[in-house]
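Below: the structure, in structure tokens.
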Amino acid sequence: MKKHNFSAGPCILPQDVFQKASEAILNFNNLDLSLIEISHRSKDFIAVMEQAQQLALEHLGLEGKGYKILFLQGGASMQFINVPFNLMKNKAGYLNTGTWASKAIKEAKFVGEVVELASSKDSNFNYIPKGYDVPTDLDYIHFTTNNTIFGTQVKEFPEANCPLVCDMSSDIFSRQMDFSKFDIIYAGAQKNMGPAGATLVAVKESVLGKTDRAIPSMLDYRVHAEKDSMFNTPPVFAVYVSMLTLQWLKDLGGVAAIEKKNQAKAELLYNEIDRNPLFKGFAVKEDRSSMNATFNLVDQAHKDSFDALAKEAGLNGINGHRSVGGYRASLYNALPIESVQALVDAMQELERKA
Ligand SMILES: *Cc1c(COP(=O)(O)O)cnc(C)c1O
């Protein structure tokens, strides 16, 4: 039987998507050829790319609003440098909410000045800073919506008079938002959309081309937009599987429908973390992530028993990141609520035994 997969990334995808993807590896569209041996410029693959872009636009509610959807390589980490190359004239503001935000800041400093708007480093990033001042002379502001490692999520964004950029790697397509507030949204595929190897960038074309900087082609969003993500060979398999996952999401009712399921999963787990005297949550309650729940045992003496119970129940990928310790359950779109129930059952079993 398949394990309950709480892996933080790469992560669970719908079983139906795995099935279709494996069929396409052997024989794609009855061409008697594999998806991964045909030209990316064939009409069959161009249709995949166009559909993936269209589905992403639809799910984000960005159709007809001047955005281009790009599928690039190099991961979200590559966008840490692409964003400042494309947008920074002098300085940009960054909210420092964790490891990924800190890495984005480090890369932006290669290009210009970074103003750290606020940071929650003082308490190991277990909360989202609020009520900070936003200078009015910034070229853009950068957020990380969901802090995959620490289990916090940004729920409100400040008013600003400059473009907003967001790393949504670990919560894109998981909850409804007014995505048109953001001028650039990027996400590595492997957290909620597909396999590793593709990175989605939604970019409002009107913000590009304002820096007077010569940008190397592979870093230039305008080049990728003009060539419809075919400036070089795109990661065909990752784009195909992302397309299947976005289609799966549409078939089950889109972001509004998955948000309800995600809320139910998060509530089930957080209620148990708060109720069970053997466990405690890591992130402060109001900033808790609906995608990555971080928690720990109150008493480490129970660790071996709980780990054994988790193993017996077929729970995979619940160990916390080394910078937080304890446990992290990732509740991405494709994770069924039955898996969360299996985790809750193991937590209750520990309580009975202890
Ligand atoms: C995983 C992750 C990244 C890194 O993504 P790569 O595709 O491995 O570069 C960046 N930001 C966030 C929020 C992540 O969760």
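We use all heavy atoms of the structure for the numbers below, so side chains are in, but hydrogens, waters and symmetry mates are not. Indexing begins at 1, ligand by ligand and atom by atom, following the structure's order.
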Only pairs at least two apart or in different chains count here, so list each ring pair (Phe, Tyr, Trp, His ring centres under 6.0 Å) that has a residue in residues 3-37. Phe28-Tyr240

[atom]: which protein heavy atom is closest, and how many Å away?
{"atom": "atom 15 (O) of ligand 1", "value": "Thr148 OG1, 2.4 Å"}
{"atom": "atom 9 (O) of ligand 1", "value": "Ser77 OG, 2.6 Å"}
{"atom": "atom 8 (O) of ligand 1", "value": "Gln190 NE2, 3.4 Å"}
{"atom": "atom 11 (N) of ligand 1", "value": "Asp167 OD2, 2.6 Å"}

Would one find an N or O of [X], backbone or side chain, under 3.5 Å from an N or O of ligand 1?
{"X": "Lys191", "value": "yes"}
{"X": "Asn146", "value": "no"}
{"X": "Ala76", "value": "yes"}

With no hydrogens and no angle check, do the side chains of [X] and [Y] hold a donor and an acceptor under 3.5 Å apart?
{"X": "Asn96", "Y": "Ser102", "result": "yes"}
{"X": "Tyr332", "Y": "Asn292", "result": "yes"}
{"X": "Thr152", "Y": "Asp287", "result": "no"}

Flag the pair Phe179 / Tyr67 as yes when their ring centroid distance falls below 6.0 Å, and as no otherwise. no

I want to know whether Tyr94 and His142 have ring centres closer than 6.0 Å. yes

Counting from 1, what ligand 1 atoms have a heavy atom of Gly75 closer than 4.0 Å? 7 (O), 9 (O)

In ligand 1, the atoms that come under 4.0 Å of a heavy atom of Thr144 are 13 (C)

Return a table of donor-acceptor pairs under 3.5 angstrom between the side chains of residues 103-114 and protein atoms on other chains or two or more places apart.
none

